[in-house]
Amino acid sequence: MEQAAHPYRSVLYMPGSRQRALEKARTLAADALILDLEDAVAPSEKVHARELVAATVKEGGYGRRKLMLRTNHLDTEWGPDDLVAACAAGPDIILIPKAESAADIQRTADLMREHGAPEQTRIWAMLETPRGMLGAAEIAAAHPRLEGFVLGTNDLAKDLGAAHTPDRLPLITSLGLSLLAARAEGLVCIDGVYNAFRDEEGLRAACIQGREMGFDGKSLIHPGQLAIANEVFAPSADDIALAEEQVAAFEAAQARGEGLAVVDGRIVESLHVVAARRLIDRAAAIAALELDIAA
Ligand code: COA
Ligand code: MG
């Protein structure tokens with residue numbers, strides 16, 4: 001059987017200059033970690049953070065949590081050296097900021113080959129500018145090494161001149177464009193952060209909205225946000241029970257030579273069964289990851 005995709009319910013940023021946070025992350029219930037060299041690190045700390053993050057990735061100890069290393073943009077004074085260090089360290093994912101074109105991805109992929117990045121290291125791209133949003137489709141299709149998007153909604157709101165409202169209506173076109181592009185190419189798509197990191201109710205509402213739109217998970221800034229994202233982006237016990245019932249009912253209908261079933265007064269066709277099976281696989285992958293992380 002094909003292995004179920006890795007869950008990305010919770011994707012936690014941490015400043016690459018903060019050793020304490022990097023160490024703490026080895027015990028946190030995050031599906032993935034972003035060790036950041038970009039916006040969370042002050043210019044005076046950039047070189048130190050690069051060394052610290054590279055050493056941390058090489059040392060490992062993060063179990064099955066996916067490790068992403070976010071470099072500075074290649075056009076900054078730090079970007080090229082960050083990428084060389086990332087290639088040598090070999091994280092699961094190199095996350096590039098402010099992607100705006102297929103050429104940005106191609107350039108990163110070329111440099112990764114040149115600098116001997118491990119074969120399994122994937123590229124993910126931040127979509128966080130108007131140009132990036134408008135180029136989402138071409139970016140998504142740029143290279144086989146590209147595996148996912150993370151949305152940078154703070155940078156985007158700044159560039160748009162948009163307000164941060166609870167319903168996120170000012171950003172909804174961009175969120176939708178990113179999701180369309182990601183799904184068209186089978187990429188993972190992670191929602192932007194929720195800034196008020198002590199506001200649990202607000203975070204929950206934002207996570208529910210993201211899940212309903214189709215995001216795989218949420219990027220986070222504080223460990224206190226992990227439990228809510230992990231809960232909201234996992235299928236609930238009711239979701240799993242319904243999916244199992246749909247699969248069983250559809251299989252029984254098929255055995256009778258019929259092409260559809262009815263569960264709870266709703267039609268179940270083969271496309272619903274595909275979604276139900278995907279949900280069941282996802283729940284199993286989450287359970288396996290949680291066992292590993294708790295160990
Ligand atoms: N990752 C890992 N550990 C973190 C963390 C993070 N993002 N944020 C906080 N922690 C740790 C702290 O080190 C502290 O650990 P300790 O008690 O064992 O020392 C604990 O969690 C509690 O932290 P707290 O005191 O509540 O927060 P803080 O004031 O230290 O930090 C922020 C608050 C917002 C500065 C911090 O969470 C942060 O830097 N977040 C990431 C920001 C970022 O990366 N932004 C870029 C992308 S938007
Ligand atoms: Mg940004």
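Position 1 is the first residue of the sequence; numbering continues from there. Every number for a ligand or one of its atoms is a count from 1 in the order of the listing.
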F250: hydrophobic cluster co-members (side-chain, 4.5 Å): L242, V247, V263, V268, V273, I280
Flag [X] as yes when one of its N or O atoms lies below 3.5 Å from any N or O atom of ligand 1, and as no otherwise.
{"X": "L28", "result": "no"}
{"X": "D36", "result": "no"}
{"X": "R20", "result": "yes"}
{"X": "Y13", "result": "yes"}

Listed partners of N230 passing side-chain hydrogen bond (donor to acceptor under 3.5 Å, both in side chains), at least two apart: S10
Residues forming a side-chain hydrogen bond (donor to acceptor under 3.5 Å, both in side chains) with R9, sequence neighbours excluded: D31, E290
May I ask whether [X] places a heavy atom under 4.0 Å from ligand 1?
{"X": "P15", "result": "yes"}
{"X": "L12", "result": "yes"}
{"X": "R198", "result": "yes"}

Polar protein atoms (N, O or S) that approach the Mg ion (ligand 2) to under 2.8 Å: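 Counting only protein N, O or S atoms under 2.8 Å from the Mg ion (ligand 2), the list reads E128 OE1, D155 OD2.
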Does this structure show an ion pair linking [X] with [Y], if we count only N-O contacts that are shorter than 4.0 Å?
{"X": "E77", "Y": "K46", "result": "no"}
{"X": "R278", "Y": "D281", "result": "no"}
{"X": "R18", "Y": "D36", "result": "no"}
{"X": "K98", "Y": "D159", "result": "no"}

Could you check [atom] against the protein and tell me its nearest heavy-atom contact, residue, atom and distance included?
{"atom": "atom 46 (C) of ligand 1", "value": "A40 CB, 3.6 Å"}
{"atom": "atom 5 (C) of ligand 1", "value": "P223 CD, 3.3 Å"}
{"atom": "atom 36 (C) of ligand 1", "value": "R18 NH1, 3.7 Å"}

With [atom] as the reference point, say which of [options] has the nearest heavy atom.
{"atom": "atom 17 (O) of ligand 1", "options": "K24, Q19, Q225, E38", "result": "K24"}
{"atom": "atom 41 (C) of ligand 1", "options": "T27, D39, I221, L35", "result": "I221"}
{"atom": "atom 22 (C) of ligand 1", "options": "M126, R70, H222", "result": "H222"}

E185 side-chain N/O to L146 backbone N/O, donor-acceptor pair under 3.5 Å: no
Pair E38-T71, side-chain hydrogen bond (donor to acceptor under 3.5 Å, both in side chains): steps then yes or no: CA-CA 6 Å; E38 201 219 12; T71 58; over 6 Å; no
Any non-hydrogen protein atom less than 4.0 Å away from atom 31 (O) of ligand 1: yes
Any donor-acceptor N or O pair under 3.5 Å, side chains T153, E128: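 Side chains of T153 and E128: no pair found under 3.5 Å.
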Polar side chain donor-acceptor pair, D238 to S236, under 3.5 angstrom: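 Judged by distance alone, the side chains do not pair up.
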Evaluation steps, side-chain hydrogen bond (donor to acceptor under 3.5 Å, both in side chains), between Y13 and D39: CA-CA 10 Å; Y13 282 100; D39 285 349; over 6 Å; no
F197 neighbourhood, listing ligand 1 atoms whose heavy-atom distance to it stays under 4.0 Å: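 It comes down to these atoms of ligand 1: 33 (C), 34 (C).
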Test applied, salt bridge (Lys or Arg N to Asp or Glu O under 4.0 Å); reference residue, D216; option that passes from K66, R211, R183: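 Single salt bridge (Lys or Arg N to Asp or Glu O under 4.0 Å) partner of D216 among K66, R211, R183: R183.
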